[in-house]
Amino acid sequence: MIDWVPVRTGARPVPSPVATPLVWAAASGGALVLVALLNALVGPDRPSPALAALSLLSVLLGLCARFTAAPGTALLCWLFLNGFAIQPAGTLTWAGHRDALWLGCLFTAALVGTALARLLHARAAYRRVTTDVGGETGT
């Protein structure tokens, strides 16, 4: 006999993503701290380490975010990269191909983090569901 049970009655198979405003707040705060730390350790006007660190931050934030948060996360990280990691500090500039590449890298990093999280959560949920189903039919 098949017993129909709503999925939400048991353990939630896939965790809910964090709200987008919280992800953007973490992106702003994290980018500010990372750029300030890198400016103190490496020195200003060295955007390559800052881009790498902010890309890693975008991936980490993407792990707990929705896909819709990726553009804002990339834009916020780019604002801190452009405004404070290159000279003149505190002034936003647009240097065509360079800034488009930076935005593309940050956006791709955020999307990769989000896609990776979705795949890992889906795989874990599939294993839980198939393990539970296999255990129930064996008794």
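Just so we're clear, the structure is a prediction, and the values are computed from it rather than from any experiment.
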From [X] [atom1] over to [Y] [atom2], what is the distance, rounded to the nearest 0.5 angstrom?
X      : Y      : atom1 : atom2 : result
Leu106 : Leu76  : CG    : CG    : 10.5 Å
Leu111 : Leu116 : CG    : CG    : 12.0 Å
Phe84  : Thr91  : CZ    : OG1   : 9.0 Å
Leu103 : Trp94  : CG    : CH2   : 5.0 Å

- prompt: Which one of Thr73, Leu75, Leu61 satisfies the side chain to side chain contact (heavy atoms under 4.5 Å, CB included) criterion with Trp24?
  reply: Thr73

When you group the ILVMFWY residues by side-chain heavy-atom contacts below 4.5 Å and let the links chain together, are [Y] and [X] in the same group?
X     : Y     : answer
Leu22 : Leu57 : yes
Leu60 : Leu38 : no
Leu32 : Leu92 : yes
Val18 : Val59 : no

Please report the shortest heavy-atom distance between [X] and [Y], naming the atom on each side.
X      : Y      : result
Ser55  : Ala109 : O-CB, 3.4 Å
Thr20  : Ala69  : CG2-CB, 3.7 Å
Cys105 : Leu51  : CB-CD1, 4.4 Å
Pro49  : Val42  : CG-CG1, 4.3 Å
Pro17  : Arg118 : CG-NH2, 3.2 Å
Asn82  : Arg98  : OD1-NH2, 4.3 Å

message: Could you go through Trp102 and Cys77, starting from their C-alpha distance and side-chain angles, then the distance that decides it, and tell me whether this counts as side chain to side chain contact (heavy atoms under 4.5 Å, CB included)?
response: CA-CA 10 Å; Trp102 288 355; Cys77 289; over 6 Å; no

- prompt: Taking side chain as C-beta onward, heavy atoms only, is Leu34 less than 4.5 Å from Leu56?
  reply: no

message: Between Leu54 and Val35, does the side chain to side chain contact (heavy atoms under 4.5 Å, CB included) criterion hold? Intermediate values first, please.
response: CA-CA 8 Å; Leu54 290 173; Val35 169; 4.0 Å; yes

- prompt: For Arg46, does the CZ atom sit with more than 12 other heavy atoms under 6.0 Å from it, leaving out its own atoms?
  reply: no

